[in-house]
Amino acid sequence: MTDVFALTPTNQADVMAGFDAVDADEALKDAASAFASHEHADVLGPLRELGVMAGSEEAREHGMAANTFTPRHRAVDRFGARTDAVEFHPSWHWLMRRGVEFGLAGAPWQDASADAHLRRAAGFITWSGVEPGHVCPLTMTHAAVPALRAEEALTQRYADGLAASVYEPGDLPAASKEGLLAGMGMTEKQGGSDVRTNVTEATPSGFDDDGAAVYSLRGHKWFTSAPTNDLFLVLAQAPGGLTCFVVPRVHPDGTRNALRIVRLKDKLGNRSNASSELEFHDAYATRLGDEGAGVRTIIEMVSATRLDCVLGSAGLMRRATSEAAWCTARRHAFGGVLADKPAMQNVLADLAIESEAATALGMRLAASVDRIESGDPGSEHERAFRRFALPLAKFWVCKRTPMHVAEALECLGGNGYVEESGMPLLFRESPLNSIWEGSGSVNALDVLRALTRSPEAFEAFSRELDVTRGDHPGLDVATKQVLADVVSLTPDDAEYRARDISARMAVVLQASLLLRSAPSSVSDAFIASRVQGEWGGVFGTLGTSAASAAIARRATPRP
């Protein structure tokens with residue numbers, strides 16, 4: 001008789017590890033090639049080390065540990081002196097160090113090579129799938145650099161440190177550190193996204209040695225991630241109105257600035273990252289931009305963080321799709337390999353085309369940053385394109401992520417519901433990017449505001465779709481209808497219809513991008529399901545014309 005208690009477990013998929021996560025991502029490679037500055041650009045070549053590390057079991061374990069052993073706030077030391085320290089697990093520092101060294105923070109802003117932001121976007125999509133929480137401070141550091149351009153003195157003071165590929169934690173003056181990290185503080189208790197209701201007060205107190213205007217800040221911020229970073233861009237009410245400021249964690253003389261951490265947020269996900277409530281007790285700050293121009297100044301930071309919300313969500317989709325495809329290719333059920341079953345192939349293919357569409361849109365937006373920064377002849381079109389496409393992508397891609405990750409988790413069955421699989425971590429993270437930097441309605445309204453107030457934005461949308469006009473009759477019909485609906489919007493119904501119009505705009509734009517970057521099997525399945533409605537609205541309901549087996553194989557990582 002068999003001793004059932006001595007059986008070695010069988011029919012269990014091995015851990016998804018031991019592969020190059022960049023090279024295994026066909027969608028990422030195709031998007032990088034399609035949107036690069038020239039046809040034979042080696043965009044992803046420098047990411048080989050990142051790809052191998054992202055596909056390693058070592059990185060996977062550090063990601064799990066950073067979320068198991070979460071940050072701890074130490075308000076005072078053993079003698080009662082205020083320290084406002086945050087203790088992180090060593091795995092957090094392991095992840096941060098590699099993310100910074102891979103150039104995922106501010107490095108692209110000082111990279112003169114072509115496609116620097118496109119390359120960074122590809123790395124961000126890949127690396128964020130390893131552990132999403134630590135990429136938040138990487139994002140904010142990256143986003144702070146363009147905002148600092150509002151003041152030359154502050155650019156000179158901080159930009160090199162923010163762009164350095166050096167991770168240097170610790171409470172030291174910025175001038176004595178080679179590598180810097182930035183944070184952001186906009187929302188307050190009483191207003192949330194309505195930042196013009198902020199009540200934090202900024203009182204002028206003179207000028208520093210570089211001629212920058214110095215203020216004293218008194219008030220609070222309801223959400224400030226990574227409160228141990230070196231500097232923060234915050235909004236406060238100056239005599240001239242809502243204004244942007246740079247608040248260092250440590251004074252130039254080495255003493256601690258008057259920042260107080262009230263508590264760390266107990267969040268659904270993003271648990272490795274220390275999100276905090278922060279108070280300013282007459283904190284030292286320097287003005288960034290003019291008084292009263294706070295929103296206009298910090299919007300450059302918001303634009304960059306919104307793009308990372310799209311890239312991060314695309315990274316979650318890719319990781320979840322990979323886990324589902326990997327597991328089902330190694331699991332047997334009902335007399336065969338699970339991934340070979342028609343029902344599962346339909347699900348995997350449906351997950352794959354959603355993931356690929358998110359990747360294509362995120363990479364196209366990253367390429368737009370490169371073109372704007374280079375000042376090439378098409379940069380004006382790119383600025384107009386980014387004005388509507390960025391909130392559009394933020395609205396749609398981030399909104400699609402939770403249902404996508406939930407379906408991928410289900411592919412692993414009960415194992416996917418267990419923490420050790422890593423899928424619950426991805427699922428808890430999946431709603432975040434849709435909330436951060438403006439929730440769904442805020443971004444949908446921003447899309448319509450851009451299209452109705454800026455003829456250049458509407459023209460950019462039409463021109464972008466013109467690239468593939470005539471390539472697919474079904475897409476042509478949908479494109480014509482969406483453009484007509486935008487034109488016919490009235491002030492009375494614009495806000496009510498904002499989500500509907502934005503969703504349909506996003507789908508036709510993704511379809512156009514897939515026609516440029518993906519195999520016809522992918523673009524045809526996407527258009528048939530998302531554009532022409534040959535789809536049941538839940539994953540796994542692609543029509544019989546879809547090449548589901550081939551699409552699923554394309555999305556399966558190879559060891």
Side-chain angles (χ1 to χ4, degrees), residues 106 139-159 161-162 174 180-227 229-252 257-262 276-306 436-438 442 446 449:
T139 284
M140 293 184 296
T141 301
H142 174 256
V145 176
L148 287 172
R149 293 170 180 168
E151 291 287 346
E152 180 61 28
L154 298 182
T155 297
Q156 293 293 326
R157 185 178 303 173
Y158 297 119
L162 295 171
L180 301 175
L181 296 172
M184 178 194 229
M186 294 177 63
T187 59
E188 297 186 0
K189 302 172 190 176
Q190 71 287 343
S193 296
D194 188 4
V195 296
R196 295 188 185 278
T197 64
N198 283 7
V199 297
T200 297
E201 296 180 349
T203 304
S205 58
F207 297 87
D208 65 17
D209 293 341
D210 296 323
V214 177
Y215 290 67
S216 176
L217 267 55
R218 191 167 187 83
H220 79 281
K221 293 298 167 187
W222 192 230
F223 277 96
T224 303
S225 283
N229 282 0
D230 300 292
L231 59 131
F232 307 90
L233 270 63
V234 304
L235 295 177
Q237 298 287 357
L242 191 64
T243 305
C244 187
F245 297 90
V246 176
V247 182
R249 182 167 169 80
V250 178
H251 282 289
N257 203 356
L259 310 179
R260 299 287 183 265
I261 299 174
V262 178
S276 69
E277 294 171 30
L278 203 63
E279 289 182 349
F280 309 118
H281 292 259
D282 297 318
Y284 173 91
T286 49
R287 192 182 73 212
L288 181 62
D290 297 331
E291 282 196 4
V295 173
R296 188 168 69 247
T297 301
I298 208 168
I299 199 67
E300 288 295 328
M301 188 173 192
V302 172
S303 293
T305 50
R306 279 183 172 178
W436 189 35
E437 297 301 11
V442 171
D446 201 9
R449 192 177 299 114

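Bear in mind the structure is a predicted one, so any value in this text is a computation, not a measurement. Atom set for the values below is all heavy atoms of this structure, side chains included, hydrogens, waters and symmetry mates excluded. For reference, positions follow the sequence shown, starting with 1.
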How many angstroms lie between atom [atom1] of [X] and atom [atom2] of [Y], to the nearest 0.5 angstrom?
{"X": "Thr224", "Y": "Ile261", "atom1": "OG1", "atom2": "CD1", "answer": "9.5 Å"}
{"X": "Ser193", "Y": "Glu437", "atom1": "OG", "atom2": "CD", "answer": "9.0 Å"}
{"X": "Asp208", "Y": "Arg157", "atom1": "CG", "atom2": "CZ", "answer": "4.5 Å"}
{"X": "Thr297", "Y": "Leu235", "atom1": "OG1", "atom2": "CG", "answer": "9.0 Å"}
{"X": "Gln190", "Y": "Thr197", "atom1": "CD", "atom2": "OG1", "answer": "5.0 Å"}
{"X": "Leu278", "Y": "Leu217", "atom1": "CG", "atom2": "CG", "answer": "10.5 Å"}

Taking every non-hydrogen atom, the tightest pair across [X] and [Y]:
{"X": "Val247", "Y": "Tyr284", "value": "CG1-O, 3.6 Å"}
{"X": "Lys189", "Y": "Trp222", "value": "CG-CE3, 3.3 Å"}
{"X": "Ala182", "Y": "Asn229", "value": "O-ND2, 2.7 Å"}
{"X": "Ala285", "Y": "Phe245", "value": "CB-CB, 4.0 Å"}
{"X": "Phe207", "Y": "Ala213", "value": "CD2-CA, 3.6 Å"}
{"X": "Glu291", "Y": "Gly240", "value": "OE1-N, 2.7 Å"}

Is there a donor-acceptor contact under 3.5 Å from the side chain of [X] to the main chain of [Y]?
{"X": "His142", "Y": "Ala304", "answer": "no"}
{"X": "Glu279", "Y": "Val262", "answer": "no"}
{"X": "Asp210", "Y": "Ala212", "answer": "no"}
{"X": "Asn257", "Y": "Arg249", "answer": "no"}
{"X": "Thr200", "Y": "His220", "answer": "yes"}
{"X": "Asn198", "Y": "Met186", "answer": "yes"}
{"X": "Ser216", "Y": "Thr203", "answer": "no"}
{"X": "Thr141", "Y": "Leu162", "answer": "no"}
{"X": "Arg287", "Y": "Thr243", "answer": "no"}

Quick one: are [X] and [Y] in side-chain contact, heavy atoms under 4.5 Å?
{"X": "Arg306", "Y": "Asp446", "value": "yes"}
{"X": "Pro248", "Y": "Tyr158", "value": "yes"}
{"X": "Glu151", "Y": "Thr286", "value": "no"}
{"X": "Lys221", "Y": "Glu277", "value": "no"}
{"X": "Met301", "Y": "Met184", "value": "yes"}

Go through it in stages, so that I can follow the logic: the residues are Val246 and Phe232, the test is side chain to side chain contact (heavy atoms under 4.5 Å, CB included), and I'd like the CA-CA distance, side-chain angles, deciding distance and then a yes or no. CA-CA 6 Å; Val246 176; Phe232 307 90; over 6 Å; no
